[in-house]
Number of protein chains: 2
Amino acid sequence: MGQQGATTTARPLRADAARNREKLLSAAREMFDEAGTDASLEEIARRAGVGVGTLYRNFPTRIELIEAVYRHNVDELCASGARLAESLEPRAAFEAWLLEFVAYAGSKRGLAGALRSALGDDASHVFADVHDRLTSSGDALLHAAQADGGIRDDVETMDVLRAVSGVCMAAPDWRDPAKTQRALRIVLDGLRYRPAD
Amino acid sequence: MGQQGATTTARPLRADAARNREKLLSAAREMFDEAGTDASLEEIARRAGVGVGTLYRNFPTRIELIEAVYRHNVDELCASGARLAESLEPRAAFEAWLLEFVAYAGSKRGLAGALRSALGDDASHVFADVHDRLTSSGDALLHAAQADGGIRDDVETMDVLRAVSGVCMAAPDWRDPAKTQRALRIVLDGLRYRPAD
DNA sequence: TGCGTAACCGGAGGCGGCCTCCGTATAGTT
DNA sequence: AACTATACGGAGGCCGCCTCCGGTTACGCA
């Protein structure tokens with residue numbers, strides 16, 4: 001799942017370098033999850049089994065690491081969308097995807113905040129990019145489910161995502177999967193209702 | 001403008017202690033303005049002409065300092081409201097007060113954010129308190145202006161404040177007084193319009 | 001297969017911020 | 001004036017940030 005999108009046209013990373021970059025990314029994701037976006041970078045490097053130097057070479061500034069993790073999460077979410085579309089029937093796939101989106105929204109909470117405050121309003125490029133990929137990935141699932149008749153026709157992906165993330169943000173302890181799932185259930189059921197046409 | 005609200009029933013501070021506390025508060029306000037809410041505490045102490053020990057004695061944790069500054073700003077805003085009510089005619093007073101609110105909203109930007117993310121949702125007590133004081137202070141000015149006929153009757157303080165802060169937040173560089181004033185002007189003019197009754 | 005080198009690794013080290021602790025100073029009291 | 005509760009302030013230990021460079025390794029080439 002390509003990690004260097006449109007940024008560099010440079011020569012591909014050397015094998016060990018690529019490995020380390022991946023280890024850093026996943027360590028960072030763990031730590032940001034546990035300790036928020038101002039977790040210790042040295043600890044991240046340590047946990048990745050890598051020297052700090054390597055961390056700083058890959059991500060010269062903290063914000064770049066955060067951004068990479070953020071993008072990485074979105075990547076996974078999209079990939080998982082494609083996977084779900086193949087293994088489940090349309091509505092179930094869409095619902096499962098939303099469930100994963102909740103987890104993503106959790107991490108996004110801190111990440112998006114840190115990005116915004118660090119990049120100021122230059123953060124728009126990141127958000128626009130993410131928005132697009134999320135939309136197109138969600139559209140595929142949603143439209144399939146709609147065509148299949150499992151979900152009402154008068155909603156769009158972003159409507160749903162907004163509703164869902166609204167539920168999470170509003171819930172004080174969105175980390176408790178049981179509670180969020182119950183809340184999410186309400187939205188999901190709402191999606192099945194079909195207005196009289 | 002008591003600074004120890006409902007927390008301590010303790011003996012009043014010694015004279016020098018009170019002085020230092022005040023110096024710290026104003027230094028903190030400066031620094032938070034310039035460098036955001038994670039400005040160096042040592043630098044704040046330095047700028048206040050006080051040892052770090054003194055800072056930590058008054059505000060054991062960074063978040064307590066932030067909260068104090070936040071409250072302090074609100075205090076000033078309310079006090080200034082009362083002052084304006086005496087020295088200007090009703091509508092002008094209200095408008096002037098809104099202008100000051102903009103400055104406050106600027107600082108609030110960072111402060112409120114830091115509070116929310118640090119206190120989680122236990123921050124509600126702070127916000128409720130602030131909300132109340134803001135409302136009652138604004139009401140006095142607004143109602144006077146409405147009675148005087150300078151401002152339409154069908155708005156409430158919080159409507160106005162929301163509109164105003166919306167303007168500021170939306171404006172990329174709300175720190176430029178000229179631009180914010182121009183934006184603010186639009187809201188102010190809107191307030192003079194009287195719907196046909 | 002073996003060699004040369006560009007690419008990469010990693011951690012020591014300098015800096016600055018966080019917070020604590022305690023010897024010293026002073027406001028307020030009698 | 002003397003006494004004491006209260007407050008001051010900065011040295012010091014710790015930790016995280018980031019840079020820099022001597023050592024290591026993957027990869028192309030013969």
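Model, not experiment: these values are computed from the prediction. Numbered from 1 within each chain, the chains take letters A, B, ... in sequence-line order. When reading the values below, keep in mind they use all heavy atoms of this one structure, side chains included, and skip hydrogens, waters and symmetry mates.
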- prompt: Just wondering, do B/W97 and B/L77 contact through their side chains at under 4.5 Å, heavy atoms?
  reply: yes
message: Testing the basics here: between A/L41 and A/L55, what is the closest heavy-atom pair and its distance to 0.1 Å?
response: O-CD1, 3.3 Å
statement: Minimal heavy-atom distance between A/I44 and A/L24, with the atoms involved, is CG2-O, 4.1 Å
task: Using atom NZ of A/K23 as one end and atom C1' of C/dC8 as the other, report the distance to the nearest whole Å.
output: 13 Å
query: Could you state the CG-P distance from B/L55 to D/dA11, rounded to the nearest angstrom?
result: 17 Å
message: Are B/D75 and B/R133 packed together at the side-chain level, in the sense that at least one heavy-atom pair is separated by less than 4.5 angstrom?
response: yes
Over 12 foreign heavy atoms within 6.0 Å of CD, A/E89: no
message: Looking at A/N20, I'd like to know whether one of its side-chain N or O atoms comes within less than 4.0 Å of OP1 or OP2 on C/dC8.
response: no
task: Can you tell me the distance, in whole Å, between the CZ atom of A/R47 and the P atom of C/dG10?
output: 18 Å
task: Ignoring hydrogens and angles, tell me if any N or O in the side chain of B/D159 forms a donor-acceptor pair with the backbone of B/E156 under 3.5 Å.
output: yes
query: Reading nucleotides 13-19 of chain C from the 5' end, what letters show protein touch, with B for base, S for backbone sugar-phosphate only, - for no heavy atom under 4.0 Å?
result: ----SBB
- request: Using a 4.0 Å cut-off on protein heavy atoms (strictly under), produce a 5'-to-3' string for nucleotides 22-30 of chain C with B for base contact, S for backbone-only sugar-phosphate contact, and - for none.
  value: ----BSS--
query: Which pair of non-hydrogen atoms, one from A/Q146 and one from A/V155, has the smallest distance, and what is that distance?
result: NE2-O, 3.2 Å
task: May I have the distance from A/L65 (atom CG) to D/dG16 (atom P), rounded to whole angstrom?
output: 16 Å
message: Checking A/R62 now: which residues fulfil salt bridge (charged side-chain N to carboxylate O under 4.0 Å, His left out) with it, not counting sequence neighbours?
response: none
